[in-house]
Protein chains: 2
Amino acid sequence: MSVTIKDVAKQANVAPSTVSRVLSDSPRISEKTKRKVRKVMDDMGYHLNFSGRVLVQQSTQTIGIVMKKSSSHSFDNPFFAELLRGISASCHKHDYSINITTGDSEEAIFRDVIKMVQGKRVDGVIVLYSKEDDQVVPYLRERDFPFVMIGKPPADSNDITYVDNDNVEAAKEVAEFLIRLGHNRIGYIGGDSHFEVTTARLAGFRQAIAAHDIELPEDLFKNIQFDSGDAKKIVSELLEVEHPPTALIVTDDFNALAVMLALHEKNVRIPEEMSIISFNNTIISRLANPPLTTVDTQSYQLGYESADCLVELLRGGEVFKKSVIVPTVIVERESCIAEQTMLNKK
Amino acid sequence: MSVTIKDVAKQANVAPSTVSRVLSDSPRISEKTKRKVRKVMDDMGYHLNFSGRVLVQQSTQTIGIVMKKSSSHSFDNPFFAELLRGISASCHKHDYSINITTGDSEEAIFRDVIKMVQGKRVDGVIVLYSKEDDQVVPYLRERDFPFVMIGKPPADSNDITYVDNDNVEAAKEVAEFLIRLGHNRIGYIGGDSHFEVTTARLAGFRQAIAAHDIELPEDLFKNIQFDSGDAKKIVSELLEVEHPPTALIVTDDFNALAVMLALHEKNVRIPEEMSIISFNNTIISRLANPPLTTVDTQSYQLGYESADCLVELLRGGEVFKKSVIVPTVIVERESCIAEQTMLNKK
DNA sequence: TTCTTAATGGCAAACGTTTGCATTCTCTGA
DNA sequence: TCAGAGAATGCAAACGTTTGCCATTAAGAA
C-alpha cells in the first residue's frame, strides 16, 4: 500500500540495497546516485518503515519509562511532570522515542515492563523511582537489560547507573538552614517510607540535629501519604505535642501546600507562627501563598541526565556504571523567618 | 539470541505456524497440542517479538500522543497530567501502548508526528489541543490517518472525532453563577486566543452577560500567557479600571493561583474583596488558599474518552465520526461569595 | 593492449512473525 | 475394505528493512 524501498529502487533503476544505503548516507554510494535516489524518494513520498528496520537492526531507538506505583499520584505531582519533560528533551536530542507504562498497580506496571523488555519494544528503560521490595529492578538486572534509575538504588548501587540528588546532604542543609534561623523545634513530614528518598532525607535530618545537639521527640516526625485529609490530621497532631514546632520540613511542595491549607484552617499564620520549607521547587512553590522556601532538586535536570545516561549505556561506551548526582540548592522565598521574629502565640 | 517461535517449534516438534496459532489461541489447534506447545514456551522462556508481528500485521497496537506547542507548559499544568492519566488508563484497558511526541516547538512536534505516522510507529493519534493555524491536523486529514482531538476542531468539526466540554455553555454557567451571586462587574481572564477553548469560553461569557443586559467595558477582558509575571500586570490593570470588578473568571486553576498571589500582593482579600472562579478542578484548586470554586472539566474523563474513541475508530466500527461532549459542573468551594456580603473597600 | 585495483552497485539471506493454502491423518458409514 | 469428510497441522510466501559478499565497471599502470 505505501511506498517501500523496493518501489523506490525500481523507479530509480537501482537495487533496494542501494536505496537503503542512500538512506543511511553510506560512503559506498556515489553522490550522483544519492541525488538521483533522493529525488525519487521525494517524488514518491517515501518514508522509512520503522518495524522493518527494527526487525533487522534489533534496536528500536525507543526507551521505556516505568512510572511508579500509582501513576495517578505521580501524574498529579509536577515533580514527575518535570522529570518527564527532562527525559523528553534528552530523548528528542538523541532522536529516541518514548514509551511509557500504562499500568496503575504495581502488578500491572510489572507486566508492562515485561511486555516492553521481552517484546523488544524498547532498547532500555528508565525507572522513575527507587523503592525497596520492588520487582522491576531485580528483573531488569537478572536479564542484563540496560536501565537507569532516578533515585539511589536500595542495594548494589555500585552496579547500577542512577541519577539522584544527594538527599542526605540536602536534608542536612535544610536543617542547618532552619537551625541558623534559630529554630530548634522542627517538625519533619516525610513521604512514603518505602522510597529511598524518604529514608535518605530523614537520615540527613537526623544527622544534622544530632550534630547540633538538638533532641526532638519522635512525635515531631511524621510520614504523609499523598492525600490532603492526611495533612490535616498530621498538622493537628503536630500542634498538640507538648512544645509544638516552630518550623516544618515537608517532603515536597505539593504536600506542603496541603499542610499550609491545614495550618490555615487552624489559624496558624505562615511564616509568622510557623516556618515551612519543602522540596522540589515546582511551580507550585512560586504560586503558593506565601511563596514557599524550597530546595530545588532540579527535577528537569534529573530527567534529562537520566536519559542521557541511558543513551550512553545503549551506545555501548560504558564499561562501568557511572552515576550522576545533581546538586540541590535552597531557594529562599517567604515561608521561613527567624525564630526570634515570630509572633508569640500564647 | 533470544528464543523465537522457530526454536519453540523445533523443540515441540511442530511447525512455526502452529506455535503462532497457539499464541493467538486459534480454534484450529487441538487442545492437546496447545498444552504441549505452551509447556515448551514456558520452559524455554519464550516471549513474542513485537516488531516481527507488527511487520506482518501492519498494526502496532500503539497510539501516539501529540503534545501542544510548549510541552514545557503543558507538563507543568496538572490539567494535561490528568488528560494523560485518562488516556493511559484507557490504553491499558485496550492493551494499547503509548508513544508521545518529544519535540518542544511546533516544528519539532510536527516532525515527530510525521515520524510516527509515516514510519508506521503508531496506529492512530490523539491531538491534545485544538488550535487554529495548526499543521498537524490538516496533515492527518490529508492522509486519512485515524486521530481524535481533545477540543473542538476549529473547522470541519462534523468530519473529525473529538472529545470536548461544551465550553460555551460552561462559561455561560459560570457567568450566571456569578450574576446570581449579585456580581455585575466581572473581569474575564482568558488564555491564548489561538486555542479554541479560549474563544469558546469567551463567547459563552459574552452571551451570558448580554442575556442579562450587563455591559462590561473591554478593559475587563484580558488574556493571560502562562506566566505569573503577566498575572501581576493583568491584576494591576484590572484594579485600576474605573469601576473595578468584584469577581474574576480565570481560564484555569493554575493561572488562578497566579492571579490570587498577585491580588494578595495588592492586599486584596479573597473572597471578601474579590470573588474568583476558575476552570479545571485540578488538585490545585483544592489546595489553594482559599480553596477555589472552579468548574470541573473532568480532564481525566476527557483523556479516557478520547482514547476510547480512537480505539473504536481503529477497530474500524465507525462509519461516521462521533464526538463526545463531557459535561462540566461547578464545584463550589470558598473563593466566591455574594456581592452584597463583600467588604466595601472605599 | 592487458592487468590490477579501487569504486560502485547488486544479490540474497536474515530478522520473527502471520496466514492462505496444501497436506496428512483419523474417523465414519457403506 | 475403502471412499470421503472433516479435523489437525505443515509449507512457504510475505511484511520492509539491512548487510556481507560478490559482480561489474572504469581507471590507471605497465
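A quick note: this is a predicted structure, and the numbers were derived from the prediction, not measured. To find a chain, count down the sequence lines: A is the first, B the second, and so on, and within it residues start at 1.
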Could you check whether A/Val14 gets within reach of a base, just the sugar-phosphate, or nothing at all, counting any heavy atom under 4.0 Å?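 If one applies the 4.0 Å heavy-atom cut-off, A/Val14 turns out to touch the sugar-phosphate alone, with no base involved.
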Under 4.0 Å, counting only non-hydrogen atoms across every strand here, what does A/Ser17 touch: a base, just sugar-phosphate, or nothing?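 Base: the residue A/Ser17, judged by heavy atoms under 4.0 Å, touches a nucleobase.
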How close or far is atom [atom2] of [N] from atom [atom1] of [X], stated in whole angstroms?
| X | N | atom1 | atom2 | value |
| --- | --- | --- | --- | --- |
| A/Leu55 | D/dT19 | CG | P | 12 Å |
| A/Lys120 | C/dG16 | NZ | P | 8 Å |
| B/Arg28 | D/dA7 | CZ | P | 12 Å |
| A/Lys6 | D/dG16 | NZ | P | 8 Å |
| B/Ile5 | D/dT9 | CD1 | P | 15 Å |
| A/Glu31 | C/dA7 | CD | C1' | 14 Å |
| A/Asn49 | D/dC15 | CG | C1' | 8 Å |
| A/Asn13 | C/dG10 | CG | P | 9 Å |

Closest approach to the side chain of [X], judged atom by atom: which nucleotide of [options] is it?
| X | options | answer |
| --- | --- | --- |
| B/Thr18 | D/dT9, D/dT17, D/dC15 | D/dT9 |
| B/Tyr46 | D/dT19, C/dT17, C/dG9 | C/dT17 |
| A/Arg53 | D/dT9, D/dT18, C/dC11 | D/dT18 |

Tell me whether the OP1 or OP2 atom of [N] has a side-chain N or O from [X] closer than 4.0 Å.
| X | N | value |
| --- | --- | --- |
| B/Ser51 | C/dT17 | no |
| B/Thr4 | C/dG16 | no |
| B/Thr33 | D/dT9 | yes |
| B/Gln58 | D/dG16 | yes |
| A/Ser30 | C/dG9 | yes |

Flag the pair B/Thr161 / B/Phe147 as yes when at least one side-chain heavy-atom distance between them is below 4.5 Å, and no otherwise. no
Hey, are the side chains of A/His94 and A/Asp308 touching, using non-hydrogen atoms and a 4.5 Å cut-off? yes
Working to the nearest 0.5 Å, report the span between CD1 of B/Ile5 and CG of B/Asp7.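 If we round to the nearest 0.5 Å, B/Ile5:CD1 and B/Asp7:CG are 10.0 Å apart.
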Between B/Val56 and B/Lys32, just flag the one whose closest nucleotide in DNA chain D comes earlier from the 5' side.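 Looking at the nearest nucleotide for each, B/Lys32 comes out on the 5' side.
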On the six-membered ring of B/Tyr162, is B/Lys322 placed so that its NZ or CZ lies under 6.0 angstrom from the centre and within 45° of the ring axis? no
Taking atom types as modelled and ignoring hydrogens, do the side chains of [X] and [Y] form a donor-acceptor contact shorter than 3.5 angstrom?
| X | Y | answer |
| --- | --- | --- |
| B/Ser17 | B/Ser20 | no |
| B/Gln118 | B/Arg143 | yes |
| B/Thr62 | B/Arg121 | no |
| A/Lys115 | B/Ser97 | no |

End-to-end bend of the helix from C/dT1-D/dA30 to C/dA30-D/dT1 (five-pair axes, 10° rounding)?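 Inter-axis angle at the termini of the helix from C/dT1-D/dA30 to C/dA30-D/dT1: 60°.
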What about B/Arg21, does its side chain sit under 3.5 Å from the base of D/dT9 through a donor-acceptor pair?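 Not at all, since no donor on one side and acceptor on the other fall under 3.5 Å apart.
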